[in-house]
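Here the structure comes first, spelled out in C-alpha cells, and everything after it is commentary.
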Amino acid sequence: MCLKVQPPWPMPTETERIGQKLLAENDVYRLIGDRLFAQMKEADYADLYSAEGKPGISPIVLAFVTVFQYMEKLADRQAIRALRIRLDWKYALHLPLEYEGFDYSVLSEFRDRLIKGRAEGRVFEQLVKQIQALGLIKERGKQRSDSMAMLTKVRRLGRLETVVETLRLAIVAIVEQDPAWGQATLPPSWEEMYGERFVRERYSEKEWQAYEAVIGENGRWLIERIDKGSAPAEIQGLPEVQVLKTVWTQQFRTEAGKMVYTDLKQYDGHTHIESPHDPEARYSRKRHFEWVGDKVQVTETEDAGYPHIITDMVTTSSNRTDFEELPAIQARLAQRKCKPAEHYTDAGYLSGPDLDSSHKQQIDLIGPLPKVSTPQSRLVEGITHEQFLIDAQNHTVTCPQGVVARHPHPVKNSFSFRFPKATCALCPLRARCCTGKGGRTVGVSAYYELTEAAYARQATEAFKQDYRLHRSGIEGTLSALVRGQGLRVARYIGSKKRKLQAIFSGCAANLQRTARWLAGERPQVRHKKSWSLNLTQSGPLTH
C-alpha cells in the first residue's frame, strides 16, 4: 500500500455550513476542523508507506480517528460507524456529509504501521507542536510528573495455570505452523489434555494433581524434540516456543532426573513471565497494590494563565522505578522544546544522580527527597549521618567525639569513610553509633552538596506551600485519564501496543483541554474546606 501525498483539503461547503450552525464553539471537533486539521501534513507519514502500490487512506484521517477512539472509548467498529454517521467527526476531518468511511480493519493496520515504523509518538509530538504554536505552552515554565499502573488485558494466572497454558499455546502454534510435523510428533492423548484453555477452577483437586505430576516432563519432552529432533526452523522460531523455553527455565529445575518446581524466593520480576498470553507484562507492587502490566509516565504543564497540557506520556515496564525514568522524560521534553525551568515530582523520582542531571540541564527538580535509612536511625537516640561533620570538598568526616576519618574508599556514586576499630571500641557513644563489631563507616554520596541543599529547602514552609500548590493537580490528571480514556486497563496485548494506547490517550486529553481553553473555559480549582471545632465553647457533640 502506498501514499500519494496531498495537501490539506478544504472544508466542504455544506459540511462547514451545517457544522458551524450545530456545533458549539467549545466543541473539540470544531476546534480540530477550524484550527488543527489543516496544520497536519501527510508528508510526515510518507516514510511509513511503500513508494508503489494501491493508494491507502490518508494517515491524517487515520491518526485523528484513532485519537477520537480514545477520546470516547470506542472500539474499531464503533469508531468507523461514528465516522460514517456523525457530523462532528466529518467537520473535524473536512469530509463531505456523504462520506461512507472505510473498513474497521484499516485502523488496526495503521497502528501496526506506526509500531513497525517506530513512529508511535509522531502524532503526539505534532499535536504538542501545534499547541505550542497556539501559545498555550509556556517556554521554560513549570511542569509536573507522576506515574500510574496500567493493568494487562489478560487474566492473572496461578502457577499451574501459567505452565499449562504456556505448553498449550506452544502446541497450538506448532500444529498451526506445521500440521504434518505436529501430527507425527505429538502424542494423541495431548489433544484431550491440552485442547482447551486451562482454568484451574474447573478441575477437581485430583485433576490438578494429575496435571502437576506430568506437566514438567511433558514440557521438557517437547522442548527436547524441538531442539534435538527434526523440527523445522519455522517451528523453532515460533514466539510461543521461545516463551515455552523461558517459562520452563524459570519455573522448573532438574532434581534426580525429574522436573520439579523451582524455589521462587529468587524471583526476578524484571524477566519473569507472568502469563504466556501477554509475555511482556511484568508483576509489580506499590505498598499494598499489586498488578501485572505496565507503568504509565505522565508529565504536564502547570503555569498560571495556561492550560494543563500533557507534554510527555509513555509506558514502561511496571518494575521500572520512577527515578530511572526521569532522565529519559527530561530528554524527550528537551527534544520537543518543552523543557521546564521547574519540574515537580514526588519522592519516587528524586535521587542524587537525578538532581545532578537536572541541575546540569538548568532544571530545578522540586520534590521531597527521601531520607536515607541506616541501622543507627532505627536505634533509640542513635547517632545518624546528620550528627557527623562532613566536608565533601576536603574529603573528611568528623564524628561527634572529634575523631576525623580521611582517605575515603570510592564506591559507586559515593565515598565510604571508615573510623578506626580501636578508636570506636573505646568510645563512650559506641552503643548508639556502631551496630557491628568494627568501627563506624559513613557513606557520603558524590552528590552530597545537592542532596543537603534539597533537604534544607524541603524543610522550609515556603517549599511546602509551593509544592502543595503545584504538585497535587497531577493526581487529578491521572484520574481523568482513567475515567475519560480508560487507561487503567490495557486495550491490547504487547508493550508496544500499550505504549501506543497511552500516547493516543494523551493526544485525546490534550485536544479536549485545548478546545475548552480556547472557548474561554478555565480549570476549576477546588480546595478542601478546613473545619475547626471548638469543643470547649460549643459543648459536647450530640446526634
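Bear in mind the structure is a predicted one, so any value in this text is a computation, not a measurement.
Relative ring orientation between Trp291 and Phe289 is described as parallel, the plane-to-plane angle staying below 30° on a 0-90° scale split at 30° and 60°. Ring pair Tyr29/Phe68 is perpendicular by interplanar angle, where above 60° counts as perpendicular and below 30° as parallel. Note: Tyr467 and Phe463 have parallel aromatic rings, judged against thresholds of 30 and 60 degrees for the angle between ring planes.
To the nearest 0.5 angstrom, Glu139 atom CD is 11.5 Å from Asp303 atom CG. From Leu326, atom CG reaches atom NE2 of His343 across 6.0 Å, with rounding to the nearest 0.5 Å. Taking CH2 from Trp89 and CD1 from Ile80, the interatomic distance works out to 7.5 Å, rounded to the nearest 0.5 Å. Separating the CZ atom in Arg155 from the NZ atom in Lys153 is a distance of 15.0 Å, to the nearest 0.5 Å. Atom CD of residue Gln126 and atom CG of residue Asp44 lie 4.5 Å apart, to the nearest 0.5 angstrom. Atom CZ of Arg144 and atom OG of Ser472 lie 6.5 Å apart (nearest 0.5 Å).
With a 6.0 Å radius and a threshold of 12 heavy atoms from other residues, nucleotides or ligands, Arg81 has its CZ atom at or below the threshold. Taking a 6.0 Å sphere around NZ of Lys497, one finds it holds 12 or fewer heavy atoms contributed by other residues, nucleotides or ligands. For CD of Gln20, the number of neighbouring non-hydrogen atoms (other residues, nucleotides, ligands) closer than 6.0 Å is greater than 12. For Glu290, the CD atom is densely surrounded, since the number of other residues' heavy atoms within 6.0 Å is greater than 12. For CD of Glu25, the number of neighbouring non-hydrogen atoms (other residues, nucleotides, ligands) closer than 6.0 Å is 12 at most.
When all heavy atoms of Glu324 and Pro327 are compared, the pair lying nearest together is O-CD, 3.6 Å. The minimum heavy-atom distance linking Asp178 with Pro232 is given by the pair OD2-CG, 3.3 Å. The two residues Val163 and Leu160 come nearest to each other via the heavy atoms CG2-O, 3.2 Å. Across all non-hydrogen atoms, the minimal contact from Val61 to Phe102 is CG1-CE2, 4.2 Å. Scanning both residues, Glu274 and Val292, for their nearest heavy atoms gives CB-CG1, 3.9 Å. Between Gly19 and Leu87 the shortest heavy-atom distance is CA-CD2, 4.1 Å.
Side chain of Gln69 to main chain of Phe504: no donor-acceptor pair is present (N/O by atom type, distance under 3.5 Å, no hydrogens or angles). Of the possible donor and acceptor atoms, one in the side chain of Thr301 sits under 3.5 Å from a partner among the backbone N and O of Ile309. Between the side chain of Ser357 and the backbone N or O of Asp354 there is at least one donor-acceptor pair closer than 3.5 Å. At least one donor-acceptor pair closer than 3.5 Å links the side chain of Lys295 to the backbone N or O of Arg320. With Arg113 contributing its side chain and Leu48 its backbone, the two residues share a donor-acceptor pair below 3.5 Å. Here the side chain of His94 pairs a donor or acceptor atom with the backbone of Gly33 at under 3.5 angstrom. Checked by atom type and distance alone, the side chain of Lys90 pairs as donor or acceptor with a backbone atom of Arg84 at under 3.5 Å. Not a single donor-acceptor pair under 3.5 Å links the side chain of Arg282 to the backbone N or O of Asn319. A donor-acceptor pair is defined here as one N or O able to donate and one able to accept, closer than 3.5 Å; no such pair exists between the side chain of Arg516 and the backbone of Asn26. In this structure, Arg471 contributes its side chain and Gly367 its backbone to no donor-acceptor pair below 3.5 Å.
Side-chain polar atoms of Tyr49 and Glu42 form no donor-acceptor pair below 3.5 angstrom. Side chain to side chain, Asp312 and Gln297 fail the donor-acceptor criterion of an N or O pair below 3.5 Å. In this model, no donor atom of one side chain and acceptor atom of the other lie less than 3.5 Å apart for Tyr70 and Gln501. Checking Gln330 against Ser358 by side-chain atom types alone, a donor-acceptor pair falls below 3.5 Å. Side-chain atoms of Asp278 and Ser275 include no donor-acceptor pair closer than 3.5 Å. Side chains of His270 and Ser317: a donor-acceptor N/O pair is absent below 3.5 angstrom, by distance only.
You'll find the side chain of Gln362 reaches within 4.5 Å of the side chain of Arg140, heavy atoms only. Contact annotation: the side chain of Val172 never approaches that of Tyr194 to less than 4.5 Å [non-hydrogen atoms, C-beta and beyond]. Considering only heavy atoms from C-beta on, Pro340 comes within 4.5 Å of Leu333 through its side chain. Counting heavy atoms from C-beta on, the side chains of Thr66 and Leu500 never come closer than 4.5 Å. Residues Thr152 and Tyr283 are not in side-chain contact: their nearest non-hydrogen atoms beyond the backbone lie 4.5 Å or more apart. Leu222 has its side chain within reach of Trp190: a pair of non-hydrogen atoms, C-beta onward, lies under 4.5 Å apart. Side-chain atoms of Leu157 and Phe198, non-hydrogen and from C-beta on, never get closer than 4.5 Å to each other. Proximity of Val164 to Met193: side-chain heavy atoms (C-beta onward) are nowhere separated by under 4.5 Å.
Residues Asp47 and Arg122 are paired through a salt bridge, judged by an N-O separation under 4.0 Å between the basic side chain and the carboxylate. Using a 4.0 Å cut-off between a side-chain N of Lys or Arg and a carboxylate O of Asp or Glu, Asp294 and Lys499 do not qualify as a salt bridge. A salt bridge links Lys142 with Glu342; the closest basic N to acidic carboxylate O contact falls under 4.0 Å. A salt bridge links Glu165 with Arg168: the closest approach of a Lys/Arg side-chain nitrogen to an acidic carboxylate oxygen falls below 4.0 angstrom. Residues Glu120 and Lys496 are not paired through a salt bridge, judged by the lack of any N-O separation under 4.0 Å between the basic side chain and the carboxylate.
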Please tabulate, for the side chains in residues 477-487, all donor-acceptor contacts under 3.5 angstrom to protein atoms that are two or more places apart in sequence or on a different chain.
| from | atom 1 | to | atom 2 | distance (Å) |
| --- | --- | --- | --- | --- |
| Thr477 | OG1 | Glu300 | OE1 | 2.7 |
| Thr477 | OG1 | Glu300 | OE2 | 3.0 |
| Thr477 | OG1 | Arg513 | NH2 | 3.1 |
| Ser479 | OG | Arg483 | NE | 3.0 |
| Arg483 | NE | Ser479 | O | 3.4 |
| Gln485 | NE2 | Gln512 | OE1 | 3.4 |

Exercise for review: Any chance you could lay out the side-chain contact (heavy atoms from CB on, under 4.5 Å) test for Ser58 and Gln6, step after step, and finish with the verdict?
Suggested key: CA-CA 9 Å; Ser58 169; Gln6 299 179 1; over 6 Å; no

Practice item. Apply side-chain contact (heavy atoms from CB on, under 4.5 Å) to the pair Lys73 and Gln78, showing each step before the final yes or no. Key: CA-CA 9 Å; Lys73 295 191 286 188; Gln78 294 172 318; over 6 Å; no

Check your understanding: Could you go step by step and tell me if Ser147 and Tyr349 meet the side-chain contact (heavy atoms from CB on, under 4.5 Å) rule?
Key -> CA-CA 10 Å; Ser147 63; Tyr349 291 86; 3.6 Å; yes

Exercise for review: Start with the C-alpha distance between Thr162 and Gln251, add both sets of side-chain angles, then the distance that settles side-chain hydrogen bond (donor to acceptor under 3.5 Å, both in side chains), and finish with yes or no.
Suggested key: CA-CA 10 Å; Thr162 299; Gln251 296 283 357; 5.5 Å; no

Practice item. May I have the step-by-step check of side-chain contact (heavy atoms from CB on, under 4.5 Å) for Arg35 and Gln130, ending in yes or no? Key: CA-CA 9 Å; Arg35 308 186 68 166; Gln130 292 176 14; over 6 Å; no

